[in-house]
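Read the structure below first, then the notes.
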Amino acid sequence: MSDKRNILLIGASGMIGSRIAVEAAARGHHVVGVARNPDRVPGAGTITPVKGDVSDGAALAALARDADVIVSAVSPRGEGDPMAQARSTAMALVEAASASGKRLIMVGGAGSLSLPDGSALIDQLPDTLLEPRAMLAALDILRRSDVDWTFFSPAATIEPGERTTHYRLGTTTLISDAEGQSRISAEDYAHALVDEIEEPRHIRAQMTIGY
Ligand SMILES: NC(=O)c1ccc[n+]([C@@H]2O[C@H](COP(=O)([O-])OP(=O)(O)OC[C@H]3O[C@@H](n4cnc5c(N)ncnc54)[C@H](OP(=O)(O)O)[C@@H]3O)[C@@H](O)[C@H]2O)c1
């Protein structure tokens, strides 16, 4: 098999998804970048923007058949309840991965991580913060599935920044730097995610990243 992958990336125009698309394309992988507004998907060389909605199971399954790996960077920030959105997205992705037999990597949330003392980060967050709880529900759906999933939780703060390629990886515990800040640039997150595509190390497992 060629070392170049066909990546089905849903949410390819987002803050994180667009950086994954650019990183993967820069390494010569072919990216089918799905979004409801495909004109916002980066137009770099090996990225093919495709209009699509993660809730369209038949279309997703058809796209998944031609892919080596499915990556989702879809956020549950549309209209309506984030919990319902995250759940239905996770279920649609699991169905597409299951029907196609392809690996599924989901951009997750830090809210599902533990703190170094073993306590759950989610218990420290206010109940009004819905997105971390929604992404925790998505992780639960992956855990109960029989697909080859990876749930890649960012650091507590992820934002556009520099591609340094210098960071630490972990599994289920939040990574913080010497100043106690848990942070990662979206560019470095994308670098690590594409590494994970090229060399799978976290199958049916959570992983995380931080400086
Ligand atoms: N520290 C943390 O834990 C942390 C911080 C930030 C983000 N995150 C997680 O990272 C993930 C990505 O976040 P982000 O900030 O990069 O999101 P974002 O900028 O809002 O991008 C979301 C992407 O998903 C697409 N999308 C949304 N609904 C869709 C649908 N129904 N079908 C197809 N595509 C859809 C959007 O494009 P269209 O609107 O054109 O469809 C866009 O490309 C989320 O799961 C979020 O919870 C975690």
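All heavy atoms count here, side chains included; hydrogens, waters and symmetry mates do not.
A distance-only check finds no donor-acceptor pair linking the side chain of Lys102 to the backbone of Val69 [under 3.5 Å]. A donor-acceptor pair under 3.5 Å is absent between the side-chain atoms of Arg183 and the main chain of Tyr211, judged by distance alone. A donor-acceptor distance shorter than 3.5 angstrom exists from the side chain of Arg204 to the backbone of Val147, with no hydrogens or angles considered. Within the 3.5 Å criterion, the main-chain N or O of Glu79 finds a donor-acceptor partner in the side chain of Gln85. For the pair Asp68 (side chain) and Asn6 (backbone), a donor-acceptor distance under 3.5 Å is present. With hydrogens and angles disregarded, no donor-acceptor distance shorter than 3.5 Å links the side chain of Thr46 to the backbone of Gly28. Side-chain atoms of Ser182 come within 3.5 Å of backbone atoms of Ile175 as a donor-acceptor pair (strictly under, hydrogens ignored). No donor-acceptor pair under 3.5 Å is formed between the side chain of Ser119 and the backbone N or O of Leu115. In this structure a side-chain-to-backbone donor-acceptor pair under 3.5 Å is missing from Gln206 to Thr171. Ser98 places no side-chain N or O within donor-acceptor distance of the main-chain N or O of Glu95, the cut-off being under 3.5 Å.
Counting heavy atoms from C-beta on, the side chains of Ile10 and Leu93 come closer than 4.5 Å. For the pair Met207 and Leu169, the minimum side-chain heavy-atom distance is below 4.5 Å. Contact of the Arg103 side chain with the Ile70 side chain is not registered, since no non-hydrogen atoms from C-beta on lie closer than 4.5 Å. The shortest distance between side-chain heavy atoms of Thr150 and Met106 does not fall below 4.5 Å. Here the side chains of Val50 and Pro38 are not in contact, with every heavy-atom distance at 4.5 Å or above.
No more than 12 heavy atoms of other residues, nucleotides or ligands lie within 6.0 Å of CZ in Arg40, so this atom counts as exposed by the packing criterion. For Arg87, the CZ atom is loosely surrounded, since the number of other residues' heavy atoms within 6.0 Å does not exceed 12. Within 6.0 Å of atom CD in Glu162, 12 or fewer heavy atoms from other residues, nucleotides or ligands are found, so the atom counts as exposed in its surroundings.
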Practice item. Might you work through the side-chain contact (heavy atoms from CB on, under 4.5 Å) test for His202 and Phe151, ending with a clear yes or no? Key: CA-CA 9 Å; His202 299 84; Phe151 188 88; over 6 Å; no

Exercise for review: Run the numbers on Leu8 and Val34 for side-chain contact (heavy atoms from CB on, under 4.5 Å), then give the verdict.
Suggested key: CA-CA 8 Å; Leu8 173 60; Val34 178; 3.7 Å; yes

Exercise for review: Please report the C-alpha distance between Arg27 and Glu23 in whole Å, then the side-chain angles of each, then the deciding distance to 0.1 Å, and finally whether the salt bridge (Lys or Arg N to Asp or Glu O under 4.0 Å) criterion is met.
Suggested key: CA-CA 7 Å; Arg27 297 197 204 178; Glu23 176 71 30; 2.8 Å; yes

Point to revise | side-chain contact (heavy atoms from CB on, under 4.5 Å) evaluation trace for Thr48 with His30 | key: CA-CA 8 Å; Thr48 306; His30 184 255; 2.9 Å; yes

Review point. Given the rule in the side-chain contact (heavy atoms from CB on, under 4.5 Å) test, do Glu198 and His29 qualify, once you have shown the distances and angles that lead to the verdict?
Key: CA-CA 10 Å; Glu198 292 176 349; His29 300 300; 2.7 Å; yes

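For the salt bridge (Lys or Arg N to Asp or Glu O under 4.0 Å) test with Arg133, the passing option among Asp123, Asp81, Asp127 is Asp127; the others fail. Paired with Leu193 under the rule side-chain contact (heavy atoms from CB on, under 4.5 Å), one option of Ile16, Leu9, Val107 passes, and it is Val107.
Here the OG atom belonging to Ser185 is positioned 7.5 Å from the CD1 atom belonging to Ile209, to the nearest 0.5 angstrom. Going from atom CD1 of Ile184 over to atom OG1 of Thr164 covers 6.5 Å, rounded to the nearest 0.5 Å. The structure places CD1 of Ile122 at 11.0 Å from OG of Ser114, a figure rounded to the nearest 0.5 Å. Going from atom CG of Asp148 over to atom CG of Leu104 covers 9.5 Å, rounded to the nearest 0.5 Å. Atoms CG and CE, from Leu142 and Met91 in turn, are 11.5 Å apart once rounded to the nearest 0.5 Å.
For the pair Leu121 and Ala110, the tightest heavy-atom approach, listed with the atom from each and the gap, is CD2-O, 3.2 Å. Heavy-atom minimum distance, Thr165 versus Asp188: N-OD1, 2.8 Å. The minimum heavy-atom distance between Gly108 and Met135, with the atom names listed, is CA-CE, 3.9 Å. Nearest heavy atom pair, residue Ala12 against residue Pro42, reads O-CD, 3.3 Å. Listed here is the closest heavy atom pair of Ala24 and Ile7: CB-CD1, 3.7 Å. Across Tyr167 and His191, no two heavy atoms sit closer than the pair OH-ND1, 2.6 Å.
The same ILVMFWY cluster, assembled from side-chain heavy atoms under 4.5 Å apart, contains both Trp149 and Leu63. Under the 4.5 Å side-chain heavy-atom criterion for ILVMFWY residues, a single connected hydrophobic cluster contains both Ile197 and Val41. Taken together through direct or relayed side-chain contacts under 4.5 Å among Ile, Leu, Val, Met, Phe, Trp and Tyr, Met15 and Val54 form parts of separate hydrophobic clusters.
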